[in-house]
Amino acid sequence: VSDSYDIYQACEKYWGEELKEKIEKRDGVLVVRPDSGELPGIVIEVLEKLALNFKTTDTPTGHKLLPPHIRVIQGDGIDINSLEVILEEMKKNGWAADNLAFGSGGALLQKLHRDTQKCAFKCSYALVGGQARDVVKDPITDPGKKSKKGRLTLELTGDGEWATVTEGKGDETKDELVEVFRDGKILIDHDFKTIRARSNGEKHAATPLPKELSVGMPGDPLNNIVMLTDSYKVTHHLQYPPGTTKVYSYFECRGGKYPEVCFFGLQYFIKKYLIGQVVTKEKIDQAEEYFKIHFSHPVWGYNEKLFNRGAWEYILNTHGGKLPVEIKAVPEGTVLPYKNVLFTLENTDDKCYWLTNYLETLLVQLWYPTTVCTQSREQKKIIMKYLKSTGTPDVIDQNLHLFKLHDFGFRGVSSVESAATGGAGHLVNFLGSDTMAALVCCRDYYGEDCAGFSIPASEHST
């Protein structure tokens with residue numbers, strides 16, 4: 001990231017003059033990241049600044065290309081729309097697309113919802129009293145929500161097109177749907193290589209397991225604290241100044257849509273990921289084995305210094321696998337203006353200074369339950385305002401306003417954990433929820449036997 005102070009000076013003076021010789025002679029590529037500025041202009045400006053000192057060549061189409069040892073990555077403000085705008089602007093200004101790579105965070109993983117692909121789960125067939133019933137949803141007000149009727153097969157037509165055959169009229173011998181789970185046992189175990197190949201249009205049949213699996217993973221492979229970080233942070237222990245013994249960091253809301261923040265969710269992350277012995281020899285071995293592949297270079301191989309194995313073994317042997325850090329936080333549920341610190345984190349062992357920001361990746365995920373909680377609270381304020389202004393303040397007096405915003409969001413989030421933590425954030429402000437993961441989260445991580453309530457309700461399948 002080159003915009004900490006002056007991106008233009010970094011491009012012209014630091015990269016283009018003072019460090020130019022090292023950049024040109026080193027084995028590798030310097031990738032310059034302008035992490036702020038107006039799009040698409042900042043990208044063009046950075047390319048032009050770099051071109052003042054790094055000689056470009058022309059592609060066959062006449063577009064400029066920086067030398068192979070320097071490139072640019074744009075990671076701020078990237079979504080599917082801005083990406084195309086930037087590339088088009090580069091083209092108009094005579095720059096080849098190969099000069100630039102993109103990074104995308106929130107727009108890639110968060111600015112999506114269930115209706116992006118209009119996903120839905122609907123009943124199409126039932127057996128009632130021995131009688132088969134085709135079931136369909138066909139709302140008069142929205143033909144686009146009409147569902148499929150009866151038993152279904154997924155078949156390939158003679159010209160290779162996919163087709164769903166409805167009402168039990170399909171040919172089961174041609175059905176491309178494969179049984180993958182039955183009676184608590186997984187029957188198909190897809191490997192990632194094959195999944196990728198299928199996504200690229202290759203045809204791969206699903207191969208049944210030679211022996212049925214009736215148990216899950218022996219442990220949670222996603223709960224290894226050594227690996228719960230951005231991979232680039234694994235190498236940061238090599239980058240701190242010599243003699244560093246303490247790193248103190250903090251978390252805040254730097255601004256945003258709502259001037260007040262309702263802090264929530266830290267206890268979940270502490271209990272799930274940080275409490276007790278979280279470092280073991282097995283986890284260290286697992287991490288090292290993977291990093292040897294992940295950081296391996298096709299020419300230079302793997303640098304044994306990259307993974308800080310000795311430091312993790314130190315935590316295991318000296319601290320019994322418990323993380324030597326301290327967290328100080330505002331009590332959860334506290335409401336305060338944004339731009340205030342919400343929690344701090346620092347190492348308590350001088351040899352573990354590198355650990356503080358190693359944990360950043362995991363703990364910054366606290367943004368999600370805090371943001372949900374904050375927005376939910378703002379909605380409650382609006383509800384209360386209109387309850388009062390329309391003459392029903394007694395609803396508030398009886399706490400019935402706490403059922404005015406019900407959580408139906410389980411199916412619309414990206415994961416069970418999102419449903420749990422985000423839904424729990426909503427329950428800080430309201431009492432209505434159908435999101436069972438949130439209720440379990442509140443029970444197991446916050447000691448609330450029943451944080452929310454619901455009622456029997458029907459749907460089209462009943």
Side-chain angles (χ1 to χ4, degrees), residues 1-16 29-52 54 56 63-66 70-117 229-233 236 249-259 261 337-340 342 357 360-372 374-375 378 412-415 418 422:
V1 178
S2 299
D3 73 331
S4 296
Y5 299 103
D6 189 336
I7 179 66
Y8 307 114
Q9 179 172 272
C11 291
E12 290 187 62
K13 183 178 179 181
Y14 302 146
W15 310 135
V29 181
L30 172 68
V31 183
V32 178
R33 178 177 175 179
D35 203 36
S36 58
E38 294 295 324
L39 295 175
I42 186 62
V43 174
I44 306 301
E45 291 173 2
V46 167
L47 290 170
E48 296 290 353
K49 293 293 184 182
L50 292 173
L52 294 175
F54 293 98
T56 63
H63 293 86
K64 293 174 287 188
L65 185 65
L66 289 168
I70 189 162
R71 287 291 185 269
V72 177
I73 183 170
Q74 178 62 35
D76 181 53
I78 297 301
D79 59 25
I80 191 171
N81 299 313
S82 63
L83 182 146
E84 185 174 9
V85 168
I86 291 169
L87 290 175
E88 179 63 26
E89 192 69 13
M90 287 176 61
K91 180 180 179 180
K92 290 180 180 179
N93 283 270
W95 284 101
D98 188 38
N99 289 292
L100 185 66
F102 295 95
S104 183
L108 185 66
L109 300 179
Q110 192 64 28
K111 291 184 180 179
L112 303 169
H113 51 75
R114 188 166 69 91
D115 279 341
T116 299
Q117 294 297 113
T229 192
D230 296 308
S231 54
Y232 73 94
K233 286 182 175 291
H236 280 185
S249 299
Y250 77 97
F251 179 83
E252 70 167 342
C253 292
R254 296 184 295 184
K257 186 174 182 179
Y258 308 110
V261 175
Y338 58 31
K339 300 184 180 180
N340 285 289
L342 297 174
N357 276 47
E360 172 193 5
T361 306
L362 175 64
L363 292 179
V364 167
Q365 290 189 351
L366 183 60
W367 74 265
Y368 178 65
T370 291
T371 302
V372 172
T374 297
Q375 180 174 258
E378 292 296 322
V413 294
S414 58
S415 68
S418 295

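Along the sequence shown, residues carry numbers from 1.
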On a heavy-atom basis, which atom in T229 and which in T361 lie closest, and how many Å separate them? OG1-OG1, 3.4 Å

Least distance between heavy atoms, C253 atom then L342 atom: SG-CD1, 3.9 Å

Gap separating the CG atom of L362 from the CG atom of D230, nearest 0.5 angstrom: 10.5 Å

To the nearest 0.5 angstrom, please state how far the CZ atom of F54 sits from the CD1 atom of I70. 4.0 Å

Side-chain (K233) to main-chain (N357) donor-acceptor, under 3.5 angstrom: yes

Using modelled atom types only, decide if a donor and an acceptor are shared between the side chain of T370 and the backbone of W367 within a distance under 3.5 Å. no

Contacts satisfying salt bridge (Lys or Arg N to Asp or Glu O under 4.0 Å) that involve residues 87-98 (not counting sequence neighbours) are R71-D98

Would you mind reporting whether E12 and L50 have side-chain heavy atoms less than 4.5 Å apart? no

Does the side chain of T56 come under 3.5 Å of the side chain of W95 through a donor N or O and an acceptor N or O? no

Heavy-atom side-chain proximity of V31 to V72 below 4.5 angstrom: no

Atom OH of residue position Y232 - does it have more than 12 heavy atoms of other residues, nucleotides or ligands inside 6.0 Å? yes

Do T371 and T374 have side-chain N/O donor and acceptor atoms under 3.5 Å apart? no

Is there a donor-acceptor contact under 3.5 Å from the side chain of S82 to the main chain of G77? yes

Between S2 and A10, which heavy-atom pair has the shortest distance, and what is it? O-CB, 3.7 Å

Between D76 and S36, is any side-chain donor less than 3.5 angstrom from a side-chain acceptor? no

NZ of K339 to CD of E252: how many Å apart, nearest 0.5 Å? 9.0 Å

Nearest 0.5 Å, please: how far is OH in Y8 from OH in Y14? 15.5 Å

Does W15 reach the side chain of V32, with side-chain heavy atoms less than 4.5 Å apart? yes

Distance from M90 atom CE to I86 atom CD1, nearest 0.5 Å? 9.0 Å

Heavy-atom closest pair (G422 atom, V372 atom, distance to 0.1 Å) is O-CG1, 3.1 Å

Between K49 and C11, which heavy-atom pair has the shortest distance, and what is it? CB-CB, 3.8 Å

Side chains of P34 and Q74, heavy atoms from C-beta outward: is any pair under 4.5 Å? yes

Does any N or O in the side chain of N99 come within less than 3.5 Å of the main-chain N or O of K64, such that one atom is a donor and the other an acceptor? yes

So CG of N81 and CG of L39: to nearest 0.5 Å the spacing works out to 12.0 Å

Taking C-beta and beyond as the side chain, do F102 and I73 meet within less than 4.5 Å on heavy atoms? no

So, does N340 use its side chain to make a donor-acceptor pair with the main chain of P337 at under 3.5 Å? yes

For V413, is there any backbone N or O sitting under 3.5 Å from a side-chain donor or acceptor partner on S418? no

